[in-house]
Amino acid sequence: MSTSRPRRVGAFAAAALISVLGLAACGSDDGDGDAAATNASGVSTITQGKLKACTHLSYKPFEHKEGAKVVGFDVDLMDLVAKKLGLEQEVVDIEFATITSGAAFAAKKCDAAYGATTITDERKKAVLFSDPYFEATQALIVKKDSGITDLAGLKGKKLGVQTDTTGQSYAEDNKGANGYTPVVFEDLPTQLAGVLSGRVEGAINDNGPLFDYVKDNPTTAVVKEFETGEKYGLMFKLNDPNGQKLADAANEALKAAQADGTYNTIYKKWFGVDAPK
């Protein structure tokens, strides 16, 4: 879900999410014996030997499915964290808002989370972020033959946005000056399908997924980027000693990967170029 995906849920909505997820967590057992287990690294996880990582699919190339397997840039980075802790990553697909509101952590659905998630002051009130690992910005995608080159070209038209993202926030902040109507989509695939079908004349989202999309959809084009200065972070439970231990381990793993070239190898694998210096 700069590939940045932000707006937090309001306090009341977040509380409701925590309540609902909490009931689900208390009333079910996924068969893994989900009792907190402490491993040799001194961290506790929901399931013995696993690092449960929540995300919201699909957000290619950061997290998406190839067959039955979840893969992507974020997935590979979290694998480094899991390996450092002597654990195996287990991906949990869940609504993006339940992650950024902290509800997924409160309900013990995951030990960690990611989703090309922009670090914001509002989100810091609900989740604990790792150090930044990726710089991103917002971008505008349209049909190549539309003649639209910027937000002003959407006057009187519809602009697709993904719910609970920084792209949605940016679109809302700029609609008065540009005269378009935002149309909200639940996820990236339906948002981009809206552009292809003509339901909306354009869409705004993080630049990474949009540039990836046009490779396979040559009738579309990214015509504008907006310098929003966004940075992504991995997420952990806030105000929790174990969450802090996991975040510390993530920061160490990310720092080591950048130092020994592993980060660049992963970056080039998913983006086709070397990571920015």
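Small disclaimer: the values here were computed from a predicted structure and weren't measured.
To the nearest 0.5 Å, the span separating CG on D164 from OG1 on T98 amounts to 10.0 Å. Summarising the geometry, atom OG1 belonging to T149 is positioned 9.5 Å from atom CG belonging to L154; distances are rounded to the nearest 0.5 Å. Here the OG1-NZ distance, from T181 to K155, works out to 12.5 Å after rounding to the nearest 0.5 Å. In this structure, CG in L140 is found 7.5 Å from CD1 in I148, a value given to the nearest 0.5 Å. Separating the OG1 atom in T117 from the CD1 atom in I99 is a distance of 6.5 Å, to the nearest 0.5 Å. To the nearest 0.5 angstrom, K231 atom NZ is 14.0 Å from T120 atom OG1.
Taking every heavy atom of both residues into account, L238 and K125 meet most closely at CD2-O, 3.2 Å. Between A126 and T100, the closest heavy-atom pair is CB-O, 3.3 Å. Heavy-atom minimum distance, V222 versus A139: CG1-CB, 3.9 Å. Taking all atoms of both residues into account, the shortest heavy-atom contact from L254 to D131 is CD1-O, 4.1 Å. The two residues S130 and A250 make their nearest non-hydrogen contact at CB-CB, 4.5 Å. Heavy atoms only, all atoms of each residue included: K245 and G42 are closest at NZ-O, 3.2 Å.
Using modelled atom types, one finds a donor on one side chain and an acceptor on the other under 3.5 Å when comparing Q244 with D248. Residues N205 and Y59 have side chains that bring a donor and an acceptor to within less than 3.5 angstrom of each other. A donor-acceptor contact closer than 3.5 angstrom is absent between the side chains of W270 and D212.
Checked against a 6.0 Å centroid threshold, the rings of F129 and F236 do not count as neighbours.
For K143, the NZ atom is densely surrounded, since the number of other residues' heavy atoms within 6.0 Å is greater than 12. Other residues, nucleotides and ligands place more than 12 heavy atoms under 6.0 Å from the NZ atom of K215.
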Please walk me through it: do Y170 and V161 pass side-chain contact (heavy atoms from CB on, under 4.5 Å)?
CA-CA 9 Å; Y170 190 86; V161 299; over 6 Å; no

Are D150 and N178 close enough, and set up right, to give a side-chain contact (heavy atoms from CB on, under 4.5 Å), and what steps lead you there?
CA-CA 9 Å; D150 54 23; N178 293 285; over 6 Å; no

What do the steps show when you test E252 against K84 for side-chain contact (heavy atoms from CB on, under 4.5 Å), and what is the final call?
CA-CA 9 Å; E252 291 172 10; K84 178 177 178 61; 2.9 Å; yes

For N217 and T220: C-alpha separation, side-chain torsions, deciding distance, then whether side chain to side chain donor-acceptor pair (under 3.5 Å) applies.
CA-CA 6 Å; N217 295 274; T220 63; 5.6 Å; no

Yes or no on side-chain contact (heavy atoms from CB on, under 4.5 Å) for Y263 and L80, after CA distance, side-chain angles and deciding distance?
CA-CA 10 Å; Y263 179 90; L80 298 180; over 6 Å; no

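Under the 3.5 Å distance criterion, the side-chain polar atoms of N242 are matched with a main-chain donor or acceptor of S44. The main-chain N or O of I94 is found under 3.5 Å from a side-chain atom of H56 such that the two form a donor-acceptor pair. A donor-acceptor contact shorter than 3.5 Å links the side chain of S197 to the backbone of A193. Put simply, the side chain of T45 never gets that close to the backbone of Q48: no donor and acceptor are under 3.5 Å apart. Under a 3.5 Å cut-off, the side chain of Q191 and the backbone N or O of I204 do form a donor-acceptor pair.
Q168 is listed as a side-chain neighbour of T163, based on a closest heavy-atom distance under 4.5 Å. Contact check for T47 versus K52: side-chain heavy atoms found under the 4.5 Å cut-off. Using a 4.5 Å heavy-atom cutoff, the side chains of P182 and K175 are in contact. Counting heavy atoms from C-beta on, the side chains of F96 and L57 never come closer than 4.5 Å. The closest side-chain heavy-atom distance from Q89 to V75 is below 4.5 Å. By the 4.5 Å heavy-atom criterion applied to side chains, C54 and Y114 are not counted as neighbours. For the pair V200/L159, no side-chain contact is recorded, criterion being any heavy-atom separation below 4.5 Å from C-beta on. The side-chain heavy atoms of Y133 and D74, taken from C-beta on, include a pair separated by under 4.5 Å.
V92 and V81 end up in different hydrophobic clusters when Ile, Leu, Val, Met, Phe, Trp and Tyr side chains are linked at under 4.5 Å.
Screening residues 171-214 for ring pair (Phe, Tyr, Trp, His ring centres under 6.0 Å), with sequence neighbours left out, gives no hits.
K50 and E88 are joined by a salt bridge, as a carboxylate oxygen and a charged side-chain nitrogen come within less than 4.0 angstrom of each other.
Relative ring orientation between F134 and F62 is described as perpendicular, the plane-to-plane angle rising above 60° on a 0-90° scale split at 30° and 60°.
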